[in-house]
There are 2 protein chains.
Amino acid sequence: MRKRATAKEVADAAGVSKWTVIRAFTPGASIAEESKRKVLEAAAALNYSPNLLARSLATNSTRQVAVFVDDFANPQKLPFLETLTERLQAEGLVAVLININTHFDHVHALLHADQRQVDAVILFGTAFRSETLSDLQLGRGTPPMFVLARDSQIEGVPAVVCDAELALREIVDHLHERGYRRPGFMTGAPALSTALRRRHHFADFWKQNGVDEIASLSADKYSAGAGAEAVRSYLEQTAPADRVDVLMCENDILALGAMDEIRSRFGLRIPEDIAVVGFDNYEFCGSPAYSLTTYEQPRQEMIQVIVGMIAGRLEPETVTLQGTLVVRNST
Amino acid sequence: MRKRATAKEVADAAGVSKWTVIRAFTPGASIAEESKRKVLEAAAALNYSPNLLARSLATNSTRQVAVFVDDFANPQKLPFLETLTERLQAEGLVAVLININTHFDHVHALLHADQRQVDAVILFGTAFRSETLSDLQLGRGTPPMFVLARDSQIEGVPAVVCDAELALREIVDHLHERGYRRPGFMTGAPALSTALRRRHHFADFWKQNGVDEIASLSADKYSAGAGAEAVRSYLEQTAPADRVDVLMCENDILALGAMDEIRSRFGLRIPEDIAVVGFDNYEFCGSPAYSLTTYEQPRQEMIQVIVGMIAGRLEPETVTLQGTLVVRNST
DNA sequence: TTTCTGTTTGCTACCGGGTGCAAACGGGTG
DNA sequence: CACCCGTTTGCACCCGGTAGCAAACAGAAA
């Protein structure tokens, strides 16, 4: 049933050799107008189109890029995936979406991507532990890797990220200017170096503004429920007088979860009793029901850069891009 | 640099022929314990693993499934993608995510997927116009296609969907029971046959309950902004006495956008002035800020079924599964 | 007519593995 | 020791293209 026409068959039909058929499908190849016409006619009749698999094998390039994702709870992934696939497709590349989870970890995924001969791997919001990687890399031959929207912990693996230091400086300056003085910071995965780095910057900039103490909240993952739970446990254990006046959350999902909890369970007002700041500028942050102050990552530019590196137009190196503070009613 | 070891090289290192090497990597192949051990040792030393590209070419099976997506505005796509990739990976399959947009339409995408020799194509929430397809299909040889979360308009292409008729019956019964009598229906893409069908069912069941008139609102796409705009234009043009008492929106995103607009721009209460119903049970519908009554699709089952068909365990045929009405405070 | 040069075409070798058959092997039996 | 049979191994050929060289075929210049 699913037998496809091959170049050889088209060649026979057109009365030429299979190499001439291939030339007809190779832009810029040396071929006479006349034979090209004949070939294309025969090809159309037989419904022939070149087999990219065979081509990939011969050229040693699949034009496929593996995209590793491990956190589907953050709806912000979706616009990133949209832009990423669009940009890759514009380069003639295609994304192989790989779900990293407990059944299929980074090592499996990388091995698999490697066996599939992908041209590159994008670690989108995930990262290898570097020890894990060094085990694998000794046998030279993993495809080139790039980290998107997260710091690279691995020597020689470039990352394209939003400048967290700058972002946190802008946020802290904004909050300080608005008069907040008792800040808190909620992380989603306390073990993550990225998370620690952000909290560090946050604390640092407050210190520069004369505020030494930062309340620390931690959710155990990046979900609305976890954000709600973290803020609940904090508010239950903290007397009203000791509470933070502004809570910075590591991403919007935590922030939205926290806002719900603050308002409906504790009956507190935002921003009068507690202000809230998120990170990502997820679409719903702008809704009047939340109106969350947040920070927008320069998604288009980030993806343009990472795809440029993969396509070989840009030097592969870590790039840090500036985002935008989006001030709304939650602060 | 990126030279990988081949079966031949491993064979030389292990002192056997390349076919013996291949047998060592083929489960169930006939090979002596002793030589298998030798081969695996040599393979480990050389960091060899089989080239799936070459294998795909030889076996005529890539174990890749193309997933076509054209609407990234609906955050509900994300959990679907998560479950889908997970289930596919559990079958040893992998998802190639293809973004259908104005630069890369269905026909391009199908042609591309076909050239890549994918084992199947999943139309996730999108659909071909059947004329378009018949043009392509005459040359037999497109990969098997399946439609997910949307009706198939194409003869012979099975779909896995949530039972819309049943869903709308449950919803209408619930609304009628709650005492609503002036229903409205908001579609996201009035031209879509799926949308028309749903509205039809909606009207039909109301008629069975003695309500003949259904207000009709239409957004021009499935986004919160479009939902807000549609409800704004409706409320502006409709005197309070003539307004609907309940508005059913084709999906949650429209509904959430509509809720924002109803409350903050018109100062109306939900559900007292206007009740709202959505569809999908997107995570945020449960948040106290919205608490939207909606209908949850049986995501896990749908995906289990479609992957089962692709893997060949299930007969490929259109399957309709029952979802769950989730009643919250918006009705 | 011969020579030269540029275009067009065909061919060999190859990418890295898979298939099915035939030969080699090895141990038990008569 | 010959024979038989089941296991293990090697081989020719195939999957559908690509690369680069060499032959064939122009048409123009000598």
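Values below: all heavy atoms of this structure, side chains included; hydrogens, waters and symmetry mates excluded. In what follows, chains are A, B, ... by sequence order, proteins preceding strands, each numbered from 1.
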Student: When you measure from the side chain of A:I22, which nucleotide among C:dG17, C:dG10, D:dG17 comes out closest?
Tutor: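 Output: D:dG17.
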Student: Rounding to an integer number of Å, can you tell me how far A:K38 NZ sits from C:dT8 C1'?
Tutor: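 Taking NZ of A:K38 and C1' of C:dT8, I get 12 Å after rounding.
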Student: To the nearest 0.5 Å, what is the distance between OG1 (B:T83) and CE (B:M302)?
Tutor: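 It is 11.0 Å, given to the nearest 0.5 Å.
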Student: Rounded to whole Å, how long is the line connecting atom CG of B:D12 with atom P of C:dG17?
Tutor: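 Value for this atom pair: 13 Å.
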Student: Hey, does the side-chain of A:R23 have a donor or acceptor N/O within less than 3.5 Å of a partner on the base of C:dG10?
Tutor: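 Side chain to base: pair present.
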Student: Whole angstrom is fine here: how far is it from NZ in A:K18 over to P in C:dG10?
Tutor: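 In whole Å, C:dG10 P lies 13 Å from A:K18 NZ.
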Student: Looking for any heavy atom pair under 4.0 Å, which part of the strands does A:S30 touch: base, sugar-phosphate only, or nothing?
Tutor: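 Contact class for A:S30: base.
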Student: Mind checking if B:F25 touches a base, just sugar-phosphate, or nothing, with heavy atoms under 4.0 Å?
Tutor: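 The answer is nothing, as B:F25 stays clear of every strand by at least 4.0 Å.
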Student: Check the side chains of A:R55 and B:Q115 for a donor-acceptor pair under 3.5 angstrom, ignoring hydrogens and angles.
Tutor: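 No.
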Student: What heavy-atom pair brings A:D151 and A:T194 nearest, and what distance separates the two atoms?
Tutor: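 Closest pair (atom of A:D151, atom of A:T194, distance): OD2-CG2, 3.5 Å.
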Student: What is the separation between atom CG on A:N60 and atom C1' on C:dG17, rounded to the nearest whole Å?
Tutor: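 My rounded result for the distance is 14 Å.
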Student: OP1, OP2 of C:dG17 versus side-chain N and O of B:R55: anything below 4.0 Å?
Tutor: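 No, no such contact exists.
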Student: Has the side chain of A:W19 got a donor or acceptor atom sitting under 3.5 Å from an opposite partner on the base of C:dT12?
Tutor: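 Check passes, donor-acceptor contact within cut-off.
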Student: Which heavy atom of A:P75 sits nearest to which heavy atom of B:L78, and what is that distance?
Tutor: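 Minimum heavy-atom separation between A:P75 and B:L78: CA-CD2, 3.7 Å.
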Student: Salt-bridged, A:K77 to B:E82, with N to O below 4.0 Å?
Tutor: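 The answer is no: the pair does not qualify as a salt bridge.
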Student: Just by distance, no angles: are the side chains of B:R299 and B:Q76 close enough, under 3.5 Å, to form a donor-acceptor pair?
Tutor: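 There is no such pair between these side chains.
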Student: Using five base pairs at each end, measure the axis-to-axis angle across the helix from C:dT1-D:dA30 to C:dG30-D:dC1 and round it to 10 degrees.
Tutor: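 The angle, to the nearest 10 degrees, is 70°.
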Student: In whole angstroms, how far is the C1' atom of D:dC25 from the CD1 atom of A:I31?
Tutor: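 Checked: the CD1 to C1' distance equals 15 Å.
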Student: Contact class for A:S35 vs. all strands (heavy atom < 4.0 Å): base, sugar-phosphate, or nothing?
Tutor: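 Counting heavy atoms under 4.0 Å across all strands, the contact made by A:S35 is with sugar-phosphate only.
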Student: I'd like to know if the side chain of A:D119 and the backbone of A:R63 have a donor-acceptor N/O pair within less than 3.5 Å.
Tutor: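 The answer is yes, because a donor-acceptor pair under 3.5 Å joins these two groups.
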Student: In whole angstroms, how far is the C1' atom of C:dC25 from the CD atom of B:E34?
Tutor: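 That distance rounds to 15 Å.
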Student: Nearest to the side chain of A:A32, which nucleotide is it out of C:dG17, D:dG16, C:dT9?
Tutor: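 Of the candidates, C:dT9 comes closest.
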Student: Pairing donors with acceptors under 3.5 angstrom, does anything connect the side chains of B:Q64 and A:Q64?
Tutor: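 Side chains of B:Q64 and A:Q64: pair found under 3.5 Å.
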Student: Nearest whole angstrom, please: distance from the C1' of D:dG16 to the CD of B:Q115.
Tutor: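 Atom CD in B:Q115 sits about 13 Å away from atom C1' in D:dG16.
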Student: Rounded to whole angstroms, how far apart are CG on A:L53 and P on C:dG16?
Tutor: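 It works out to 14 Å between those atoms.
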Student: Looking at A:T59, does any N or O in its side chain come under 4.0 Å of the phosphate oxygens OP1/OP2 on C:dC15?
Tutor: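 The answer is no; no side-chain N or O of A:T59 sits under 4.0 Å from OP1 or OP2.
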Student: Pick base, sugar-phosphate or nothing for B:S56, based on heavy-atom distances below 4.0 Å to the nucleic acid.
Tutor: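 Here B:S56 touches no strand at all.
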Student: Looking at C:dC15, I'd like to know if its phosphate oxygens (OP1 or OP2) sit under 4.0 Å from a side-chain N or O belonging to B:T6.
Tutor: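 No, no such contact exists.
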